[in-house]
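A quick write-up on the structure given underneath.
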Amino acid sequence: MNKKINLIQKFLTKNNFSFYLVTNSDIHLNESPNLKQKDIFNLTGFDCSNGYLIILRKKILFFTDSRYTLAAFNFFKKKGEVFDLKNQSIADYLKNYFSNTKGLIDPKLISIQDIINLQNRLDESSIKIIPHYKYIFSKNYLPNFEISYPFSLPKYCIPKKYTENIIWVKASLKSEGIIIWNNSHVAYLLNIRSFEIQNSTKPFAGLFIPKKDIKPIIISDNKYLKKIDKLINNFVLMSQKQFISYISKSKINSIETNYMYSNYDIYLLLTKNTSIKETKIDIDKKISQKTKVEFYNIKLCHIQDGIALTKFILQPRNNKIFKDEYLIADNLYQLRKHGVNFFRNSFDYISALDKSAAIVHYKPSKANSQKLSNQSLLLIDSGAHYLEGTTDVTRVIKLNKLKFKNIKTYYTYLLKSLILVENTVFSKGITGLDLDLFIRSYLSEYNISYGHGTGHGVGYFNDVHEKYPILSPNSKQIILNNNLFSIEPGIYINNKFGLRLENLYFAKILNNNVKLINVTLVPYDLSLINWKLITKKEKNFIKNYHTKIFEKIEMYLSLTDRKKYMKTLINKI
């Protein structure tokens with residue numbers, strides 16, 4: 001056990017607390033904060049986008065979802081117990097082992113909704129979670145603003161004027177104002193981007209929009225936001241401390257916010273002087289319906305992405321280029337950097353050889369990465385932020401002779417499921433659950449299943465994981481016109497291999513029908529297809545898709561790559 005965890009355990013014992021609940025969020029509850037803002041990582045060295053650490057007086061517990069359980073079991077096997085949230089909730093665990101006791105939480109790093117849900121469950125056993133502000137171990141709540149470089153989107157990239165967005169929010173208010181604490185919402189509504197969060201384009205800022213005809217308030221410690229003219233002229237910039245003081249002195253009696261996206265600390269500070277209620281304004285849903293401008297630009301950025309990934313796929317599989325998992329990911333990043341209006345990766349690439357790919361969200365590091373020797377497969381899940389949009393794509397590449405049975409069969413059925421979804425006309429009103437079930441039901445006939453969701457919304461030069469629409473067994477979200485989302489079925493065989501294919505799709509609604517349009521422009525690996533399982537219609541579909549990609553990117557490929565593409569990715573079909 002490390003020194004920081006020992007300090008916490010000593011504090012618990014000395015002050016008669018039973019547990020300390022640790023999240024991996026930052027103060028804006030971002031899915032993937034900077035490492036310095038991740039308490040779980042800083043305490044244990046384990047990194048994930050969804051996890052909770054419970055530090056007890058004598059041991060530690062880690063709770064996560066199926067995307068990370070395998071990696072967590074391997075990491076914590078000698079350090080603590082690991083639980084899958086699907087099978088064991090935090091509340092149930094605490095209720096089973098404790099009653100009439102108290103635990104601690106940093107209120108800045110958990111949402112209002114999460115703390116309400118958790119406390120409601122724990123009240124049955126008289127377990128109280130106490131907001132804790134005293135530093136037991138060193139923390140860093142703010143990112144490095146010196147690298148932020150905030151800017152306003154150019155005209156051709158603006159989906160809707162920020163003034164129209166502000167008017168829409170004001171018209172929807174049921175209180176005297178709203179706190180928008182989600183960074184991606186602030187970025188979208190104000191048409192601004194910034195770079196202080198790793199793999200992100202969101203400003204580390206909140207936004208207060210009042211009902212009255214007074215200037216909205218940008219809530220941030222980032223002084224460089226003052227370089228954006230429209231913010232200086234039309235908004236007031238305040239630190240969080242200044243904003244709390246402003247509200248306490250104002251005559252604002254009621255404020256609304258999204259309980260899922262605002263931290264508990266904001267709630268506690270503001271409720272001393274004003275009423276805070278859950279907003280009914282669904283910004284996620286608003287953002288999810290891409291405009292004509294977004295639709296046009298997103299297709300452009302996928303051409304740039306297709307160029308980089310196709311060049312990557314066409315590279316010779318030799319140890320000079322494909323040396324280890326980390327350098328493979330870096331090689332693709334270097335290719336992407338040449339793209340027009342490329343800004344940065346949209347997440348840390350999943351570059352996984354054979355058994356590493358069985359870990360759904362595996363991430364190689366420079367110090368800890370499998371070297372390429374005679375592995376069969378590479379799973380590469382990657383994405384990028386371009387000025388015109390954000391990408392997310394997964395492909396599997398055959399490197400050497402296949403070691404395991406049924407790989408081609410599994411790969412072929414994953415591919416067939418995507419072909420099927422692209423050739424199916426769905427009824428208007430279809431939900432994320434319906435699409436998730438559609439894919440799973442088809443694949444279950446061939447004994448293929450996966451523990452993660454089938455897909456997620458994708459932002460516009462913004463969050464790569466948007467909350468609308470989610471394709472999962474629990475999603476009731478209706479698929480709307482111009483929704484952009486991933487579909488990414490897979491199969492994972494522990495200690496052997498993992499397969500996943502992922503494309504991004506626009507939903508187009510016409511005459512009460514929903515059609516999914518694939519915007520990803522990255523060829524499949526033909527050597528992994530079991531052609532005996534492919535129908536003539538599917539064969540033509542694959543050939544047409546590869547031909548379409550070639551026509552879009554041909555002019556950007558070298559003569560050698562053009563010939564190689566035609567020979568290996570079109571003529572062989």
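No salt bridge links Asp381 with Arg395; every basic N to acidic carboxylate O contact stays at or beyond 4.0 Å. With respect to Lys467 and Asp284, no salt bridge is recorded, no charged nitrogen being found less than 4.0 Å from a carboxylate O. A salt bridge does not link Lys508 with Glu422: none of the charged nitrogens is closer than 4.0 Å to a carboxylate oxygen. The pair Arg440-Asp436 meets the salt-bridge criterion, with a side-chain N (NZ, NE, NH1 or NH2) lying under 4.0 Å from an Asp/Glu carboxylate O. Using a 4.0 Å cut-off between charged nitrogen and carboxylate oxygen, Lys38 and Asp26 do not count as a salt-bridge pair.
The number of heavy-atom neighbours closer than 6.0 Å to NZ of Lys170, taken from other residues, nucleotides and ligands shown, is above 12. In Lys211, the NZ atom is crowded: over 12 heavy atoms of neighbouring residues, nucleotides or ligands sit closer than 6.0 Å. Within 6.0 Å of atom NZ in Lys515, more than 12 heavy atoms from other residues, nucleotides or ligands are found, so the atom counts as buried in its surroundings.
A distance-only check finds a donor-acceptor pair linking the side chain of Asp434 to the backbone of Thr431 [under 3.5 Å]. No donor-acceptor pair closer than 3.5 Å links the side chain of Gln477 to the backbone N or O of Gly432. With His185 contributing its side chain and Gly206 its backbone, the two residues share no donor-acceptor pair below 3.5 Å. Between the side chain of Gln242 and the main chain of Ser239, a donor-acceptor pair closer than 3.5 Å is present. With hydrogens and angles disregarded, a donor-acceptor distance shorter than 3.5 Å links the side chain of Asp65 to the backbone of Arg67. Using a distance-only test at 3.5 Å, with no hydrogens or angles considered, a donor-acceptor pair links the side chain of Asn481 to the main chain of Ile509. A donor-acceptor pair under 3.5 Å links the side-chain atoms of Lys215 to the main chain of Asn233, judged by distance alone.
Asp265 and Tyr133 share a donor-acceptor pair across their side chains, judged by distance under 3.5 Å alone. Counted by atom type alone, Asn34 and Gln37 present one or more donor-acceptor pairs between their side chains at under 3.5 Å.
Between Asp39 and Thr23 there is no side-chain heavy-atom pair separated by less than 4.5 Å. Counting only heavy atoms from C-beta outward, the side chains of Ile136 and His132 approach each other to under 4.5 Å. Proximity of Leu418 to Ile487: side-chain heavy atoms (C-beta onward) are separated by under 4.5 Å at one or more points. In this structure, Ile180 and Ile283 have side chains that are in contact, with non-hydrogen atoms separated by less than 4.5 Å. In this structure, Asp84 and Gln88 have side chains that are not in contact, with every pair of non-hydrogen atoms separated by 4.5 Å or more. In this structure, Asn263 and Leu29 have side chains that are in contact, with non-hydrogen atoms separated by less than 4.5 Å. Between His456 and Asp392 the shortest side-chain heavy-atom distance falls below 4.5 Å.
Sorted by first and then second residue, the salt bridge (Lys or Arg N to Asp or Glu O under 4.0 Å) pairs with a member in residues 180-209 read Lys202-Asp463; sequence neighbours excluded. For residues 144-162, the pairs satisfying side-chain hydrogen bond (donor to acceptor under 3.5 Å, both in side chains) are Glu146-Tyr224, Ser148-Asn222, Ser152-Lys230, Tyr156-Asn341, Tyr156-Glu388, Tyr162-Asn234, with sequence neighbours left out.
With a 6.0 Å cutoff to the six-membered ring centre and a 45° limit on the axis angle, Lys108 counts as a cation-pi contact of Tyr141. Judged by the 6.0 Å and 45° rule, Arg336 forms no cation-pi pair with Tyr386.
Using bins of under 30°, 30° to 60° and over 60° for the plane-to-plane angle, the ring pair Tyr246/Phe208 lands in the perpendicular bin. Taking the six-membered ring for Trp and thresholds of 30 and 60 degrees, Phe343 and Phe151 have nearly parallel ring planes, at less than 30 degrees apart. Using a 30° and 60° split on the angle between ring planes, Phe347 and Tyr349 fall in the perpendicular class, above 60°. Between Phe195 and Phe461, the ring planes are tilted. Angles from 30° to 60° get that label.
A distance of 11.0 Å separates CG of Leu437 from CG of Leu471, quoted to the nearest 0.5 Å. Atoms NZ and CD, on Lys174 and Glu256 in that order, are 9.0 Å from each other to the nearest 0.5 Å. Atoms OH and CG, from Tyr264 and Asp106 in turn, are 12.5 Å apart once rounded to the nearest 0.5 Å. Rounded to the nearest 0.5 Å, atoms CG (Leu109) and NE2 (His28) are 11.5 Å apart.
Considering only residues two or more places apart in sequence or on other chains, Asp123 meets the side chain to side chain donor-acceptor pair (under 3.5 Å) condition with Gln119, Lys128.
Taking the ring centroids of Phe62 and Phe83, they lie at or beyond the 6.0 Å cut-off. Note: Phe438 and Phe426 meet the aromatic proximity criterion, with ring centroids under 6.0 Å apart.
Closest of all the heavy-atom pairs between Val82 and Thr69 is CG1-O, 4.4 Å. The two residues Ser175 and Lys277 make their nearest non-hydrogen contact at CB-CE, 3.8 Å.
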